[in-house]
Amino acid sequence: MAFNSTPEAIVEENSNGLLGAHTSWKRVNISYVANVKNGFAFKSSKFNSEGVGERLIRIRDVLPGDTKTYYSGEIPEGYWVKKNDIIVGMDGDFNIKCWGSSPALLNQRVCRFDLLFNEYDKRFFYRVLPGYLSAVNMNTSSTTVKHLSSRTLNDLLIPLPPLAEQKAIAEKLDTLLTQVESTKARLERIPKILKRFRQSVLAAAVSGKLTEEWRSFYQCEVVSENKIKMERESYFNLHDKKCSDPPRFEEKEAPYDIPLTWGWFRAEEICDLITKGTTPKKEQMSELEKIPFVKVYNLTFSGNLDFSIDPTFVSEETHKTFLKRSKAYPGDVLMNIVGPPLGKVSILPNTYPEWNLNQAISIFRPVCGVTPGYLSLCLRDYLLLEETKSKAKATAGQFNLTLEICRDYAIPVPPKQEQTEIVRRVDQLFAYADTIETQVNNALERVNNLTQSILAKAFRGELTEQWRQGKDNPNLISGENSAEALLEKIKAERAAAKPVKRGRKTVKQG
């Protein structure tokens, strides 16, 4: 949990690219321009969330920039954080925040920075500090949580440009980074829009709206109860299995209206035995056995199976004995039945001839009326899923779908030809959405890199290169506004305020 480097070494290494400085600037220890005020160990027995007493900033409140914790005990002097004060969490990721909420008390393991003079711009200080905190974090060892000391903060060597240039850099960064953040915020909204788009596509697909125009050109045979029943009997006879007659779907339970050529069916009416898996003993699973064993994290919301995530296998013996009831085959549709989140659905590919699965997954094997592709759309549809969830019991926010509820899943069944068209259109629209999402993620990555690039250029003095040569630079007229002159002024103010302790190195030439 100790800082394993020195202020000089992290500046020399500059691992994150944010610790640069222009050759005309100086460097000073933070203690030279700011006071690090550690928080107070307020008694936790006096904490409350009912609004009694004064607001209190704990380490978890730094990043959100607000607090819901109150303190109702005695308050010592000097531990208030006011709006626009700069605070840092001294555990974990060493988060920094310019406090934007109403005044609150400074709790332990949170510190406040008080700039000592008017010679260091607060906005520039706030922009500079995160890069140094990040570098310290990377050079701090820990077996549990990383800790930051006020001594480490005091000793950090930060750049000291002329005051006018500090202000100019802060202005440019405020303008540029505001534009970047605005762009980033717009990009980050797109995945949510795409999620709603996919939900709308699924809703249109399983209600008949997606193929409404298509039906006017193609006349399909009406889906009938008798036809589905005959297909079911044919399947069971072919596989030498006893065919039972599951309860018929009751029309009064239909979640919404569907085209006249469609029909409502319970999942049990169109599937073979709907069952769930079992988890064998740990010694019965490995990465070297023969039969792939599917877990919930292998399921996706896209309908595809991702078996590249921690692939697990069971022996053929375990598959044929202990797990024989949950054998699965290519074309089977799997759905997680323990959530949140529910709605992870995947069709088993033909990568392996046989599969198995754990107890949090159910198997839907369509044998009549529907294709695996279309059934997976129904199981992923938000409205149909919510209708099914309403029948489940929730415990502390967790939903467990029983097999009885799964068998009762309401499925709107179109003619087979229309199912093929529905799946084709959904795949096409989802592929379009996936392309947009990939482009958005690439753009977000570029935007994040742009933020780092702008900050790095600012601290190398590149953003103010023209400024230093222009009429707005007071130093062109007189050397009184140089970094050297500013450093001397700070020295004089420090000497007048409090004598500097001898023997301690507080200034580093840049």
Side-chain angles (χ1 to χ4, degrees), residues 202 246 266-268 270-282 284-287 289-316 318-367 370-382 384-395 397-411:
L202 286 173
R266 296 171 61 251
E268 191 176 17
I270 57 177
C271 293
D272 195 349
L273 177 66
I274 296 174
T275 188
K276 65 178 181 177
T278 306
T279 298
K281 295 179 180 178
K282 189 175 181 180
Q284 293 176 303
M285 296 185 289
S286 75
E287 299 177 1
E289 299 292 354
K290 190 174 181 180
I291 307 298
F293 186 76
V294 181
K295 299 181 181 179
V296 172
Y297 54 69
N298 298 127
L299 305 185
T300 70
F301 293 99
S302 67
N304 299 316
L305 185 79
D306 187 357
F307 198 61
S308 65
I309 304 174
D310 193 17
T312 305
F313 296 82
V314 294
S315 68
E316 192 166 3
T318 301
H319 176 64
K320 290 181 176 180
T321 55
F322 184 68
L323 299 175
K324 64 179 181 179
R325 187 175 176 81
S326 54
K327 287 182 181 180
Y329 304 93
D332 285 353
V333 183
L334 307 185
M335 181 180 75
N336 70 310
I337 55 176
V338 178
L342 292 174
K344 299 183 75 174
V345 177
S346 298
I347 302 174
L348 285 178
N350 57 9
T351 315
Y352 296 90
E354 295 187 11
W355 302 73
N356 223 298
L357 47 137
N358 74 6
Q359 78 280 0
I361 302 173
S362 65
I363 306 172
F364 292 79
R365 183 172 302 141
V367 298
V370 296
T371 64
Y374 177 76
L375 178 59
S376 76
L377 301 184
C378 293
L379 297 180
R380 288 152 56 196
D381 176 62
Y382 178 79
L384 293 177
L385 179 61
E386 287 299 306
E387 180 74 16
T388 302
K389 283 172 58 179
S390 67
K391 304 172 185 177
K393 292 183 178 180
T395 304
Q398 178 174 304
F399 283 93
N400 291 336
L401 300 181
T402 65
L403 290 178
E404 288 72 20
I405 291 175
C406 290
R407 292 163 186 157
D408 202 39
Y409 212 113
I411 306 294

(message) Please enumerate all residues that pass side-chain contact (heavy atoms from CB on, under 4.5 Å) together with Q359, with sequence neighbours excluded.
(response) T279
(request) Keeping to residues at least two apart or across chains, list the ring pair (Phe, Tyr, Trp, His ring centres under 6.0 Å) pairs with something in residues 346-366. (result) F307-W355, F313-Y352, Y352-W355
(message) Going by salt bridge (Lys or Arg N to Asp or Glu O under 4.0 Å), name the pairs with one or both residues in residues 327-336, residues two or more places apart or in two chains.
(response) D332-R365
(request) Return the set of residues passing side-chain hydrogen bond (donor to acceptor under 3.5 Å, both in side chains) with D310 (not counting sequence neighbours), or none when no residue passes. (result) Y297
(message) Are L401 and S362 packed together at the side-chain level, in the sense that at least one heavy-atom pair is separated by less than 4.5 angstrom?
(response) no
(request) Quick one: pull up CD1 in I291 and CG in L357 and give me the separation to the nearest 0.5 Å. (result) 12.5 Å
(request) For E386, enumerate each residue passing the salt bridge (charged side-chain N to carboxylate O under 4.0 Å, His left out) test, keeping only those at least two apart in sequence or located in another chain. (result) K389
(request) For L305 and V294, work out which heavy atoms get closest and say how close. (result) CD1-CG1, 3.9 Å
(request) Check whether any side-chain heavy atom of L202 lies under 4.5 Å from a side-chain heavy atom of Y382, and answer yes or no. (result) no
(request) Output the distance between atom CD1 (I274) and atom CG (L403), rounded to the nearest 0.5 Å. (result) 8.5 Å
(request) Apply side-chain contact (heavy atoms from CB on, under 4.5 Å) to S302 and list each qualifying residue two or more places apart in sequence or on a separate chain. (result) T300, N304
(request) Measure the SG-CG distance between C378 and L384 for me, rounded to the nearest 0.5 Å. (result) 6.0 Å
(message) If the condition is side-chain contact (heavy atoms from CB on, under 4.5 Å), which residues does F301 pass it with, not counting sequence neighbours?
(response) P341, K344
(request) Indicate the atoms forming the closest heavy-atom contact of H319 with V314, along with that distance. (result) CB-CG2, 4.4 Å
(request) Indicate yes or no: at least one non-hydrogen side-chain atom of F293 is less than 4.5 angstrom from one of N358. (result) yes
(request) Supply the atom-to-atom distance S346 OG to L334 CG, rounded to the nearest 0.5 angstrom. (result) 6.5 Å
(message) Just checking K290: does its NZ atom have more than 12 heavy atoms from other residues, nucleotides or ligands closer to it than 6.0 angstrom?
(response) no
(message) Which heavy atom of K391 sits nearest to which heavy atom of I405, and what is that distance?
(response) O-CD1, 3.3 Å
(message) For the backbone of V345 and the side chain of R380, can you confirm whether one donor and one acceptor N or O come within less than 3.5 Å of each other?
(response) no
(request) State, with a plain yes or no, whether a side-chain heavy atom of M335 is found less than 4.5 Å away from one of C406. (result) yes
(request) Using the test side-chain hydrogen bond (donor to acceptor under 3.5 Å, both in side chains), find all partners of S308 that sit at least two apart in sequence or belong to another chain. (result) D306
(request) Write down the atom of T312, the atom of K295, and the distance for their closest heavy-atom approach. (result) OG1-NZ, 3.7 Å
(message) I want to check something: taking the side chain as every heavy atom from C-beta on, are I411 and I270 in contact at a cut-off of under 4.5 Å?
(response) yes
(request) Examine distances only and state if a side-chain atom of D408 and a backbone atom of R266 form a donor-acceptor pair shorter than 3.5 Å. (result) no
(message) Tell me every residue that passes salt bridge (charged side-chain N to carboxylate O under 4.0 Å, His left out) with K324, counting only those two or more places apart in sequence or in another chain.
(response) none
(request) With sequence neighbours excluded, tell me which residues meet side-chain contact (heavy atoms from CB on, under 4.5 Å) with I347. (result) V333, P372, S376
(request) Test C271 against every option in I363, L375, V367 by the side chain to side chain contact (heavy atoms under 4.5 Å, CB included) rule and name the one that passes. (result) L375
(request) Check side-chain hydrogen bond (donor to acceptor under 3.5 Å, both in side chains) between S326 and all other residues, then give those that pass, not counting sequence neighbours. (result) N356
(request) Would you please name every residue forming a side-chain hydrogen bond (donor to acceptor under 3.5 Å, both in side chains) with T318, sequence neighbours left out? (result) S315
